[in-house]
> 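Let me give you the structure first, and then I'll get to my questions.
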Amino acid sequence: GFLFQKDLLKSLGDKRTRDLIIQQISRGGVHHVADMPRSLAGHKGICSEYSIVYGGEVEYGTRLYVACTFDEEGYVRFEATPQSAADFYQIIETAEPLKRNN
C-alpha cells in the first residue's frame, strides 16, 4: 500500500524518515538493497529498497519493501514481491500533481 505523511518528513528529514519506516517493519530479516533517485508528481526524492524474508525463504519467500521520501512533501512506502517494484516505480514516476480549482 501507499502512505503519504508530510508532517513526519518535515520534522525528521529524508534519511531519518526512511530509517524510521524500516524500523517499523523490521520484524523479519531486513537487508538494505539500494538507494535510488525517483520522482513523484514533479517532486524529486530517494527510494530505499530493502529485501525482507518472512518465516523462511522456502515457506513465504522474499518480499521487497520500498521507502521513498520526496522533498519535504511526504513519503511513500510500498511492500510487495520484487517483481512488482517496476510497476510501483512506473506509477510514482508518471504521477501528476493535482489541479486545484480556486
Side-chain angles (χ1 to χ4, degrees):
F2 297 99
L3 176 65
F4 296 87
Q5 182 118 12
K6 191 174 187 174
D7 293 337
L8 180 65
L9 179 59
K10 280 187 176 182
S11 66
L12 294 179
D14 290 358
K15 176 89 171 89
R16 288 189 63 205
T17 298
R18 289 193 305 275
D19 289 345
L20 177 64
I21 294 167
I22 294 310
Q23 285 176 5
Q24 292 174 353
I25 57 96
S26 63
R27 54 193 177 270
V30 178
H31 304 283
H32 182 259
V33 176
D35 292 326
M36 296 170 291
R38 297 289 180 174
S39 67
L40 172 67
H43 296 280
K44 293 181 181 180
I46 299 287
C47 290
S48 297
E49 287 187 358
Y50 300 83
S51 68
I52 307 169
V53 178
Y54 291 110
E57 205 163 330
V58 174
E59 188 175 349
Y60 295 108
T62 300
R63 305 276 291 171
L64 183 68
Y65 192 90
V66 181
C68 304
T69 54
F70 299 95
D71 299 330
E72 289 189 354
E73 293 303 311
Y75 67 81
V76 179
R77 60 187 184 185
F78 175 77
E79 181 181 341
T81 63
Q83 296 81 5
S84 64
D87 292 337
F88 167 72
Y89 288 128
Q90 183 175 358
I91 290 168
I92 67 170
E93 291 282 334
T94 58
E96 295 183 11
L98 290 175
K99 295 180 179 161
R100 300 181 189 260
N101 295 331
N102 292 331

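Small disclaimer: the values here were computed from a predicted structure and weren't measured.
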> For a quick test of reading the model, state the closest non-hydrogen atom pair linking Phe70 to Ser39 and the distance between them.
CE2-C, 3.6 Å

> To the closest 0.5 Å, what do you measure between NZ (Lys44) and CZ (Arg38)?
14.5 Å

> Drop me the distance from Glu79's CD to Tyr50's OH, to the nearest 0.5 angstrom.
13.5 Å

> Indicate the atoms forming the closest heavy-atom contact of Leu40 with Ala95, along with that distance.
CD1-CB, 3.8 Å

> List the atom of Cys47, the atom of Val66, and the distance in Å for their closest heavy-atom pair.
CB-CG1, 3.9 Å

> Between Ser48 and Asp35, which heavy-atom pair has the shortest distance, and what is it?
OG-OD1, 2.6 Å

> So, do Ser84 and Phe78 sit near enough that their side-chain heavy atoms are less than 4.5 Å apart?
yes

> List the atom of Pro82, the atom of Leu64, and the distance in Å for their closest heavy-atom pair.
CA-CB, 3.9 Å

> Check the hydrophobic clustering (I, L, V, M, F, W, Y; side-chain heavy atoms under 4.5 Å; chains of links allowed) and say if Met36 and Ile92 are grouped together.
yes

> Donor-acceptor pair, distance only, cut-off 3.5 Å: does the side chain of Thr94 make one with the backbone of Gln90?
yes

> Between Thr81 and Arg63, is a side-chain contact (heavy atoms from CB on, under 4.5 Å) present by the stated rule, with each step listed?
CA-CA 5 Å; Thr81 63; Arg63 305 276 291 171; 3.9 Å; yes

> Looking at Tyr65, I'd like to know if the NZ or CZ of Arg77 sits under 6.0 Å from its six-membered ring centre while staying within 45 degrees of the ring's axis.
no

